[in-house]
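To start, the structure under review is shown below, and the notes come after it.
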Number of protein chains: 2
Amino acid sequence: MLKQQVERQNTPSMEDYLKAIAMLRNENKVARVSQISQKLKVKMPSVTSALKKLSDKKLVLHQKYGYIELTTRGDKVAKDIIHRHEALNRFFTEILDIEKETAEADACKIEHVISQLSLERVTKFIEFIEACPPGETKFSKKYKYYLEHGEYPE
Amino acid sequence: MLKQQVERQNTPSMEDYLKAIAMLRNENKVARVSQISQKLKVKMPSVTSALKKLSDKKLVLHQKYGYIELTTRGDKVAKDIIHRHEALNRFFTEILDIEKETAEADACKIEHVISQLSLERVTKFIEFIEACPPGETKFSKKYKYYLEHGEYPE
DNA sequence: AGCATTTGTTAGTTATGTCTAACAATGTTA
DNA sequence: TAACATTGTTAGACATAACTAACAAATGCT
């Protein structure tokens with residue numbers, strides 16, 4: 001799988017910028033400084049300086065007043081983060097039954113720090129729970145019952 | 001429960017120091033600068049300056065060249081972090097079957113960023129899995145089978 | 001007691017990553 | 001096209017949290 005190559009010389013902040021750029025590109029076709037600024041809730045000069053850093057690291061293409069694009073490498077990193085985010089988000093909402101906003105917020109933090117291995121296991125765990133065979137009541141259903149009543153369903 | 005009072009005006013770094021002090025106190029009776037330094041893998045001047053900050057915030061008691069103690073407030077914060085750590089660690093090792101070192105490392109990161117709500121749900125989830133009624137094979141066993149064989153046990 | 005070692009502190013540097021204020025380029029529109 | 005608004009950049013400040021080098025206190029040993 002070789003995901004190691006993609007990992008952890010990037011700070012959480014850098015990862016957030018890459019993720020934002022990738023998401024804006026999908027939504028709007030182009031990423032602009034103002035939009036990244038809005039999405040990440042930082043001021044524009046922070047974006048400019050982050051872009052400089054990411055350019056130096058060959059993760060984005062950007063020249064003064066110009067459009068912003070991810071390099072192939074940047075895109076790989078962004079996709080990896082988005083993937084981590086989605087796995088965690090699913091785990092929190094679908095398995096732990098956590099409300100959307102909290103799940104989002106937690107995924108946004110944890111995606112930057114969780115190890116590849118744990119993420120893979122989380123993914124497998126979701127698969128496992130969803131793959132529950134027809135005869136049995138889904139674990140998630142049982143868990144939700146347990147959450148409400150404090151004991152196993154009959 | 002009022003755990004909110006205890007949360008998130010403390011940086012990850014501060015939380016690490018408080019945790020280390022609490023743990024050393026339990027192991028050794030006294031926390032010393034050199035030991036905190038070793039445990040957190042930072043140099044001693046970093047510890048000194050962190051202690052100054054924590055003193056200002058009334059989380060530790062410390063005077064020059066003297067012993068280091070947690071205040072009541074500091075102790076509460078430390079206990080909360082240790083509790084988060086333990087819950088996450090159990091989840092990773094017992095539920096996801098992740099190896100000790102990775103589980104530890106991930107818990108150490110995630111304990112600083114996970115929300116109270118998600119942590120509570122993780123705890124409940126562990127309870128739920130362990131509380132599996134006598135008749136049924138434990139979920140964790142089934143999951144481990146699934147991990148190895150890629151499909152549900154018969 | 002006196003010297004050496006260990007432990008702790010101070011001062012000052014560095015790296016991130018944010019911010020504000022001021023300026024510059026771009027775009028819009030009358 | 002000139003004026004204005006929006007967008008982006010630069011310069012410089014600030015906070016956090018680490019570091020090294022140099023010094024000071026405490027401890028241990030003979």
Side-chain angles (χ1 to χ4, degrees), chain A residues 7-21 24-25 27-70 74 77 81 108-109 111-113, chain B residues 7-21 24-25 27-70 74 77-78 81 105 108-109 111-113:
Chain A
E7 262 196 327
R8 209 68 60 219
Q9 60 280 54
N10 307 312
T11 62
S13 165
M14 279 168 55
E15 290 182 350
D16 281 336
Y17 284 105
L18 292 171
K19 187 174 68 163
I21 294 165
L24 285 168
R25 183 201 49 195
E27 293 161 17
N28 301 4
K29 308 292 185 202
V30 267
R32 296 238 292 294
V33 171
S34 54
Q35 306 212 266
I36 299 169
S37 158
Q38 271 187 276
K39 175 152 284 196
L40 296 182
K41 297 194 173 98
V42 297
K43 305 296 177 186
M44 288 204 290
S46 307
V47 177
T48 303
S49 95
L51 289 175
K52 210 168 298 165
K53 217 161 294 175
L54 293 167
S55 281
D56 291 349
K57 301 216 174 219
K58 313 278 186 213
L59 293 167
V60 307
L61 296 169
H62 174 238
Q63 40 210 29
K64 278 184 202 176
Y65 301 99
Y67 288 140
I68 297 153
E69 279 180 289
L70 296 172
V77 178
I81 297 152
C108 274
K109 301 284 191 168
E111 68 193 26
H112 301 296
V113 300
Chain B
E7 262 196 327
R8 209 68 59 219
Q9 60 280 56
N10 307 312
T11 63
S13 165
M14 280 167 53
E15 291 182 349
D16 281 336
Y17 284 106
L18 293 171
K19 187 175 67 164
I21 294 166
L24 285 168
R25 183 201 48 194
E27 294 162 16
N28 300 2
K29 309 289 185 206
V30 268
R32 296 238 292 294
V33 172
S34 54
Q35 307 212 265
I36 299 169
S37 158
Q38 270 187 275
K39 174 152 284 198
L40 296 182
K41 297 193 173 100
V42 297
K43 305 297 176 185
M44 288 203 290
S46 308
V47 177
T48 302
S49 96
L51 289 176
K52 209 169 299 165
K53 217 162 295 172
L54 293 167
S55 281
D56 293 348
K57 302 218 173 216
K58 313 279 186 212
L59 293 167
V60 306
L61 295 169
H62 174 237
Q63 38 211 28
K64 278 184 201 174
Y65 300 99
Y67 287 141
I68 298 153
E69 280 181 286
L70 296 172
V77 177
I81 297 152
C108 274
K109 300 284 191 168
E111 68 192 26
H112 302 296
V113 299

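Per chain, numbering begins at 1; letters A, B, ... match sequence-line order. Note: hydrogens, waters and symmetry copies are ignored here, and every other heavy atom, side chains too, is used.
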How many whole angstroms separate atom [atom1] of [X] from atom [atom2] of [N]?
X	N	atom1	atom2	value
K52(B)	dT16(D)	NZ	C1'	14 Å
L51(A)	dG8(D)	CG	P	10 Å
M14(A)	dA15(C)	CE	P	16 Å
Q9(B)	dA15(D)	CD	P	19 Å
Y17(A)	dT16(C)	OH	P	14 Å

Taking OP1 and OP2 of [N], is either one under 4.0 Å from a side-chain nitrogen or oxygen of [X]?
X	N	answer
S49(B)	dA17(D)	no
K43(A)	dA21(C)	no
S46(A)	dT18(C)	no

Does some side-chain heavy atom of [Y] sit less than 4.5 Å from a side-chain heavy atom of [X]?
X	Y	value
L70(B)	L54(B)	no
H112(B)	D16(B)	yes
L18(A)	V60(A)	yes
L51(A)	I21(A)	yes
I68(B)	I36(B)	yes

query = Taking DNA chain C as the partner, which of residues 53-68 of chain B come within under 4.0 angstrom of it by heavy atom?
reply =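 Within this stretch, H62(B), K64(B), Y65(B) sit under 4.0 Å of the strand.
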Partner residues of [X] under the side chain to side chain contact (heavy atoms under 4.5 Å, CB included) criterion, sequence neighbours left out:
X	answer
K57(A)	M14(A), L59(A)
T48(B)	V33(B)
A50(A)	Y17(A)

Taking only N/O atoms, report every protein-nucleotides 12-14 of chain C pair under 3.5 Å with atom names and distance.
none

key: Rounded to 10 degrees, the angle between the two terminal axes of the helix from dA1(C)-dT30(D) to dA30(C)-dT1(D), each from five pairs   =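 End axes: 0° apart.
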query = Quick one: on DNA chain C, does P45(A) or P45(B) contact a more 5' nucleotide (nearest heavy atom)?
reply =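 Whichever sits nearer the 5' end wins; that is P45(B).
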query = Has the side chain of S55(B) got a donor or acceptor atom that lies under 3.5 Å from a matching backbone atom of L61(B)?
reply =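 No; judged by distance alone, with no hydrogens or angles, the pair does not exist.
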request  = Tell me what S13(A) touches on the nucleic acid: a base, only sugar-phosphate, or nothing, going by heavy atoms under 4.0 Å.
outcome  =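 The answer is sugar-phosphate, as S13(A) gets under 4.0 Å only of primed atoms, P, OP1 or OP2.
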side-chain hydrogen bond (donor to acceptor under 3.5 Å, both in side chains) partners for E27(B), two or more places apart =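 So E27(B) forms a side-chain hydrogen bond (donor to acceptor under 3.5 Å, both in side chains) with K39(B).
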inquiry  = My understanding is that only residues two or more places apart in sequence, or in another chain, count here; which of them pass side-chain hydrogen bond (donor to acceptor under 3.5 Å, both in side chains) with R32(A)?
reply    =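 Scan of R32(A) (side-chain hydrogen bond (donor to acceptor under 3.5 Å, both in side chains), adjacent residues dropped) gives none.
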request  = Give, for atom NZ of K64(A) and atom NZ of K52(A), the distance between the pair rounded to the nearest 0.5 Å.
outcome  =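 Nearest 0.5 Å value for the NZ-NZ distance: 7.5 Å.
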For nucleotides 3-5 of chain D, give me every protein contact, N/O to N/O, under 3.5 Å, one pair per line with atom names.
none

key: DNA chain D-proximal residues of residues 31-41 of chain B, any heavy atom under 4.0 Å   =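 By residue number: none to list.
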